Amino acid sequence: MLRVAVIGSGPSGVYTAQNLVQLDPEVRVDVIDRLPCPYGLVRYGVAPDHEKIKSLQNNLRTVLEHDRVRFLGGVEIGAGGIAVERLRELYDAVVYCVGAAADRRLSIPGEDLRGSWSATEFVSWYSAHPDAVDGGFVRDARSAVVIGVGNVAVDVTRILARGAAELRPTDMPEAALTALTASRVTDIHMVGRRGPSQARFTTKELRELGGLPDTDILLDAAELSLDPAYGDPSGLPAVQRRNVEALRAWVDRPASGTARRIHARFFLRPVAFLPDPSGTRVAGVRFERTRPDGTGGVTGTGVYEEVPAQLVLRSVGYRGVPLEGLPFDAHSGTVPHRAGRVLREGVVAPGEYVAGWIKRGPTGVIGTNRPCAKETVTSLLEDAAMIERTSPLEDPLTRWRAEGIAPVEWTGWRAIERAEAALGASLGRGSGVKLPDWPSLMSAAGEGTAPEARDSRSTHTAG
Ligand code: NAP
């Protein structure tokens, strides 16, 4: 019987566990997460108004409730937690599904002015991530700039444009709901450095922006026409063609003059964040007009435009971070691998695997993780006969408890869910409302934890 640890309980981790139990009738899988809550970016990344995608949690849940799968939350792996080497002693194989936790930087002047945030910081706040900071994002802001035209940019643009009636029935934490419903942001500029046919968003997500209540979407036909494919998108791949068609359909739509405006802008690359008179807060972004270079890229034109903004969200993609004890390619932000097998100095490291964004970089939708996890699990099971059996027969959890580590188990997570449902009901919100901080999560989890496990909780346990 193989004992496998999967590190990370987002989609890639859960699909890895699912493939393992489907393809091996005996394997036992511990899905370990730093947070006391499972589901990774499905819980802490998918926008709260995307209920249908969020409902994927129900599919992920059935995997984590499988009788040969165990969720162990609140356990840090790597620096400050359980060392990678120690994991290898406890399990026959370890699959790292730790995602891409950092943001890419723009590295332009003024990026760290107050009011300039990564989109991830904003998303974490409205998604109630317990490490999120309340940056007062929309406070005193009338105009916002979102840099980038991927699906995260569309998410944050849409959340900024949504009204109370749409946000209230979601699981958004109460403080974020209060702040966003009091927001006086009227203009949101979503800005791409290349053209509409090169935007990274998908058409369904883009179209939602055109259907928001009390919000106009404004486009400049002359700007869009800088894209050679704008006039005739028929030769583009399907997603890009549909994106361009969706944008074209909005160009001639008369503005209704309602409360909010989304300005979808293209061919503008950010060159500096502009400070306000105090020199500490962002007051706008300077962009350089670009034009296509004929090879899919753009070149500068030396023409500049300043867009005023008291809030800037940099939505230019995620980046993987190294995990102490694992090899890391700083250029790609991924762990070097061959078909999911971790490579140490170019050589396969037996018993160590990767799946998800830390394997292939931060691209693709949730479903992309299915084939990715399957490839990794296939490699693992092919290797199984050769993997040196390092794990003792004893259950790793017994060892951990003896060492003072008390993970949040499934009963603890279910108790968090009950606490969130009760909070939502008490607030009359029409759904569960997320607990936004470590103390409330851990206290709720404790309600579902056996006393002996609670007593052995120690500093090894995150939070
Ligand atoms: P993304 O799709 O990689 O988009 C990043 C955007 O940032 C692109 O427009 C890119 O432009 C721009 N960018 C990068 N560097 C820049 C720079 N230095 N200056 C200006 N712009 C720059 O990343 P993402 O939006 O973070 O999404 C990550 C993944 O999650 C994607 O696969 C996405 O589809 C997925 N996701 C899906 C959903 C959904 O399905 N609803 C929701 C959220 C996220 P260039 O193209 O010119 O580089």
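Both counts, for ligands and for their atoms, begin at 1 and track the order of listing. When reading the values below, keep in mind they use all heavy atoms of this one structure, side chains included, and skip hydrogens, waters and symmetry mates. None of these values were measured; they are calculated from a predicted model. Sequence positions, counted from 1, serve as the residue numbers for this chain.
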Q: Could you check which of Phe201, Phe266, Tyr318, Trp357 puts a non-hydrogen atom nearest to atom 30 (O) of ligand 1?
A: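 Closest candidate by heavy-atom distance is Trp357.
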
Q: If every non-hydrogen atom of Val271 is compared with every non-hydrogen atom of Pro109, which pair is closest and at what distance?
A: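 Taking Val271 first and Pro109 second, the nearest heavy atoms are O-CD, 3.4 Å.
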
Q: Under 4.0 Å, counting heavy atoms only: does Phe287 come that close to any atom of ligand 1?
A: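 No, Phe287 has no heavy atoms under 4.0 Å from ligand 1.
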
Q: Give a yes/no on ligand 1: does Pro362 have at least one heavy atom closer than 4.0 angstrom to it?
A: yes

Q: Minimum distance, heavy atoms only, to atom 42 (C) of ligand 1: which one of Val156, Asp155, Val271 is it?
A: Asp155

Q: Side chains of Arg360 and Asn369 only: does a donor on one sit below 3.5 Å from an acceptor on the other?
A: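 The answer is yes; a qualifying pair exists.
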
Q: Going by distance alone, is a donor N or O of one side chain under 3.5 Å from an acceptor N or O of the other, for Ser256 and Asp216?
A: yes

Q: Quick one, Trp410 and Leu64 - any side-chain contact, counting heavy atoms below 4.5 Å?
A: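 Of all side-chain heavy-atom pairs linking Leu64 with Trp410, at least one is under 4.5 Å.
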
Q: Would you sort out whether Arg43 and Leu35 count as a side chain to side chain contact (heavy atoms under 4.5 Å, CB included), showing the intermediate values?
A: CA-CA 11 Å; Arg43 178 171 162 92; Leu35 298 177; over 6 Å; no

Q: Taking the non-hydrogen atoms of Glu205, is any one of them nearer than 4.0 angstrom to ligand 1?
A: yes

Q: If you measure only the distance, is there a donor-acceptor pair under 3.5 Å linking the side chains of Asn58 and Ser55?
A: no

Q: Counting C-beta onward and ignoring hydrogens, is there a side-chain heavy-atom pair between Val46 and Ile366 closer than 4.5 Å?
A: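 Counting from C-beta outward, Val46 and Ile366 do come under 4.5 Å.
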
Q: How far is atom 36 (N) of ligand 1 from its nearest protein heavy atom, and which residue and atom name does that atom have?
A: Asn151 CB, 3.7 Å

Q: Got the closest protein heavy atom to atom 26 (O) of ligand 1, with its distance?
A: Val152 CG2, 3.3 Å

Q: With heavy atoms of Arg194 as the reference, note each atom of ligand 1 found under 4.0 Å away.
A: 45 (P), 46 (O), 47 (O)

Q: Between Ser116 and Arg314, do the side chains contain an N or O donor and an N or O acceptor separated by less than 3.5 Å?
A: yes

Q: So, regarding Gln198 and ligand 1 (criterion: nitrogen or oxygen to nitrogen or oxygen, under 3.5 Å), is there a contact or not?
A: no

Q: If you measure from each non-hydrogen atom of Arg104 to ligand 1, which part falls under 4.0 Å: side chain, backbone, both or neither?
A: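 Side chain only.
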
Q: Protein heavy atoms: any of them under 4.0 Å from atom 10 (C) of ligand 1?
A: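 So far as the 4.0 Å threshold goes, atom 10 (C) of ligand 1 is out of reach of every protein heavy atom.
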
Q: Who gets closest to atom 6 (C) of ligand 1 by heavy atom: Ser315, Gly317, Gly364?
A: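 Nearest option to atom 6 (C) of ligand 1, by heavy atoms: Ser315.
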
Q: Nearest protein heavy atom to atom 4 (O) of ligand 1, by residue and atom, and its distance?
A: Gly150 CA, 3.6 Å

Q: Does either side chain, that of Trp438 or that of Asp131, offer a donor lying less than 3.5 Å from an acceptor on the other one?
A: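 Note: Trp438 and Asp131 side chains meet the donor-acceptor criterion.
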
Q: Pairs of nitrogen or oxygen atoms closer than 3.5 Å, one from Thr202 and one from ligand 1: do any exist?
A: no

Q: Do ligand 1 and Thr363 have nitrogen or oxygen atoms that lie under 3.5 Å from each other?
A: no

Q: For Leu106, is at least one N or O under 3.5 Å away from an N or O on ligand 1?
A: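 It does not: no N or O of Leu106 is found under 3.5 Å from an N or O of ligand 1.
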
Q: Specify whether Phe266 and Phe201 have parallel, tilted or perpendicular ring planes, treating 30° as the upper limit for parallel and 60° as the lower limit for perpendicular.
A: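 Because their plane-to-plane angle is over 60°, the rings of Phe266 and Phe201 count as perpendicular.
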
Q: Atom 3 (O) of ligand 1: which protein heavy atom is closest, and how many Å away?
A: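 Closest protein heavy atom to atom 3 (O) of ligand 1: Arg200 NH1, 3.1 Å.
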
Q: Note the single closest protein heavy atom to atom 22 (C) of ligand 1, along with its residue, its atom name and the distance in Å.
A: Val316 CG1, 3.4 Å

Q: Does an N or O anywhere in Val149 fall below 3.5 Å from an N or O of ligand 1?
A: yes

Q: Output all residues satisfying salt bridge (Lys or Arg N to Asp or Glu O under 4.0 Å) with Arg289, sequence neighbours left out; order by chain, then residue number.
A: Glu223

Q: Could you pull out all residues at least two apart from Arg158 that satisfy side chain to side chain contact (heavy atoms under 4.5 Å, CB included)?
A: Ala47, Asp49, His50, Val154, Asp155, Arg162, Glu208, Leu209, Leu212

Q: Can you find an N or O of Arg193 that's nearer than 3.5 Å to an N or O of ligand 1?
A: yes

